[in-house]
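Notes follow once the structure below has been shown.
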Amino acid sequence: MARQRPRWTELREVLQLRRPTLNPVERRLGAALTIGDLRAVAVRTTPRAVFDYVDGAADAELTARRNRAAFAAVELVPEYLSPVDHPDLSTRLFGREIAMPLIFAPTGYTRMMHHEGEAAVARVAARHGLPYTLSTVGTSTVEDVAAAAPGGEHWFQLYLTRNERLNAELLDRALAAGFTTVVLTVDTPVAGRHPKDMRNGLTIPPSLTLRTLFGMARYPSWALNKLTTAPITFASLTGMSGTSGASGMTGDTIDAVRVADVVFEPTLSYAHLAWLRAHWPHRLLVKGILSPRDARRVVEAGADGVIVSNHGGRQLDRTPATLTVLPEIREELGPDATVILDSGVTHGQDILAARALGADAVMIGRAYLYGLMAGGERGVERAVTILREEYARSLQLLGLKASEAIARHHLRMP
C-alpha cells in the first residue's frame, strides 16, 4: 500500500484536543459518567466517616446488596424498528406532570455531606421539575427549603411521635411553607444498627472518636466550610417545644442529644396514622412498605399511596429487595393507587425497571448524596443529568416514545 506524509489539516480533524478545565470541581464532575463515578469522587473529597454514613447500611449490609442485585438481574426486552428521536420522559403523579419518574428522597445530616445541604438539592430538584422531600431530621427547615427553591414542589417526611403538640407544629409549619405532601416513615420503631457509624461515632447523639476527628482534619476544604457556616443541627426540631411524660422528653425544647427520643417511636400504630390523616389536608404517603397486606391496610386507613422501601438497607437487614416485592404490591393495590419505589436506584435503567414492574416513580437518596459530596449543588446537578441521560437513552434503545409506554413485557426477571 502506498504511503504518504500526514497532513496537519487531517491530523487536526482526527485529534480534536479538549480544552483543559481549570476548575477542579468542574473537572472532577465532568469526568464522572456514572453515579459510580460520583461515588468514587465523593470518597476522595469527603472525610471517610461522612462517606461511610452515606454509603453504609445496617448490620451485614445484606439488604443494601440485595437492592442492587435485584436491579442487576433485570433483563430488558426491546422493540426494534420503532424509531424514537426525542422520548417524552415526563409522567403524571397525583394528577400533576413531573419531568421524569424521579423524586428526591429525604436524607438526614445533609449539611454534613456538604455545607450547601438541602437548599442545594431543593434548587436542583426545582430546576428539573422534580419533587424534593425534606426529612424531619434534615439540617434545614421547611422555611429554608421554601426560600431556597420557591418554585419547587416540596414534600415533608415526618417521623410521627406520641407528642401530638410537636406533630401538629411540624405539620403546621410544612403547610404554611407550601409543602404539598407528607411522607410518614414507618420502618423506624428503633434505630438500625450501623457498625461503621458506631466505630466512627456518627450516632444520635454523636460520639466522635479521635480517629474520626483526625480523618476530618485531612479534608481542610470540607472542615473550613463546616467551621465558617451555620452549625449543623436537626433544624426542624431544634428549639421546638416539647412536653415531658409520654413524649420521652424531659425539658421544654428538643435538642440534638434527645432527638433519638423523637424520631424512633416503638409504639407507632394505625392510631397515629389516623391522627395524621385527620390533621393533614393534602396528600399523604406511607414509606417503608414491603408487603401487599401492609400496603392495603395503610391505603384503607387513608393514605393516598405507598412508598415501597427498606430504607436503603439502613434499618432491618435481611429484608427483601424492594424491586422484588413491587409487583405484588402493585397487584394488591390495583392500577389507580400511587406506588413509588425507593432503595437501590443508581442508574436510569433502574427507573425503567421500576416503571415496568408497577411503580409510578422512584426515589433516589445515595445517588444524589454522592453528587452532593463530590461537588455541592453542581454535583447534584450532575447526578440528575446522568440519570436523565441514561433513562432517555434506554427508552430509545427499547424503542419507546415515552415513560407512559413502558410495560411489563419490556422486562424479564429470573
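We're numbering straight along the sequence, starting at 1.
Of the inter-residue distances, the one linking F179 atom CZ with R173 atom CZ reads 10.0 Å to the nearest 0.5 angstrom. Residue K287 holds its NZ atom at 7.0 Å from CE of M363, rounded to the nearest 0.5 Å. The structure places CD1 of I406 at 10.0 Å from CG of L411, a figure rounded to the nearest 0.5 Å. Taking CZ from R162 and CH2 from W275, the interatomic distance works out to 14.5 Å, rounded to the nearest 0.5 Å.
The shortest heavy-atom contact between Y391 and G348 is CD1-O, 3.5 Å. The minimum heavy-atom distance between G117 and L372, with the atom names listed, is O-CD1, 4.3 Å. Smallest separation of non-hydrogen atoms from V142 and S236: N-OG, 4.3 Å. Contact between T319 and T63 at its shortest, heavy atoms only, is N-OG1, 3.0 Å.
Residue pairs satisfying the salt bridge (charged side-chain N to carboxylate O under 4.0 Å, His left out) criterion with at least one member in residues 81-98, sequence neighbours excluded, are listed as follows: R96-E153.
For the side-chain hydrogen bond (donor to acceptor under 3.5 Å, both in side chains) with E118, the lone residue among T141, T107, T133, T110 that qualifies is T110.
Side chain to side chain, N200 and T209 fail the donor-acceptor criterion of an N or O pair below 3.5 Å. No hydrogens or angles considered: nothing links the side chains of E26 and T21 as a donor-acceptor pair under 3.5 Å. At a cut-off of 3.5 Å, with distance as the only test, a side-chain donor of E381 or H128 sits close to an acceptor on the other residue. The closest side-chain donor-acceptor pair between S135 and Y109, if any, does not fall under 3.5 angstrom. Defined by atom type and a distance below 3.5 Å, a donor-acceptor pair is present between the side-chain atoms of E265 and T267. Side-chain contact, T180 with R283: a donor N or O sits under 3.5 Å from an acceptor N or O.
Contact check for L273 versus L284: side-chain heavy atoms found under the 4.5 Å cut-off. In this structure the side chain of V298 reaches within 4.5 angstrom of the side chain of I289, judged on heavy atoms. For the pair T136 and L237, the minimum side-chain heavy-atom distance is below 4.5 Å. Contact annotation: the side chain of M113 approaches that of M373 to within less than 4.5 Å [non-hydrogen atoms, C-beta and beyond]. Side-chain contact between V263 and T188 is absent, with no heavy-atom pair separated by less than 4.5 Å. You'll find the side chain of L290 reaches within 4.5 Å of the side chain of T322, heavy atoms only. In this structure, R355 and E404 have side chains that are in contact, with non-hydrogen atoms separated by less than 4.5 Å.
The side-chain tip of R314 points at the ring of Y53 from less than 6.0 angstrom away and within 45° of straight on.
Other residues, nucleotides and ligands place no more than 12 heavy atoms under 6.0 Å from the CZ atom of R412. Environment of CZ in R193: sparse, with no more than 12 heavy atoms of neighbouring residues, nucleotides or ligands closer than 6.0 Å.
At a threshold of 4.0 Å, the pair R123-E377 counts as salt-bridged, since one of the basic side-chain nitrogens sits closer than that to a carboxylate oxygen.
Applying the side-chain contact (heavy atoms from CB on, under 4.5 Å) criterion to H409, with sequence neighbours excluded, gives E79, A407.
In terms of modelled atom types and a separation under 3.5 Å, the side chain of R111 and the main chain of A119 share no donor-acceptor contact.
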Take N310 and D342 through the test side chain to side chain contact (heavy atoms under 4.5 Å, CB included) and record every step on the way to the result.
CA-CA 8 Å; N310 53 36; D342 173 60; over 6 Å; no

Is there a side chain to side chain donor-acceptor pair (under 3.5 Å) between D55 and Y370? Walk through the geometry before answering.
CA-CA 9 Å; D55 197 60; Y370 292 142; 2.4 Å; yes

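In this pair, Y132 and H154 present their aromatic rings perpendicular. The plane angle is above 60°, beyond the 30 to 60° band.
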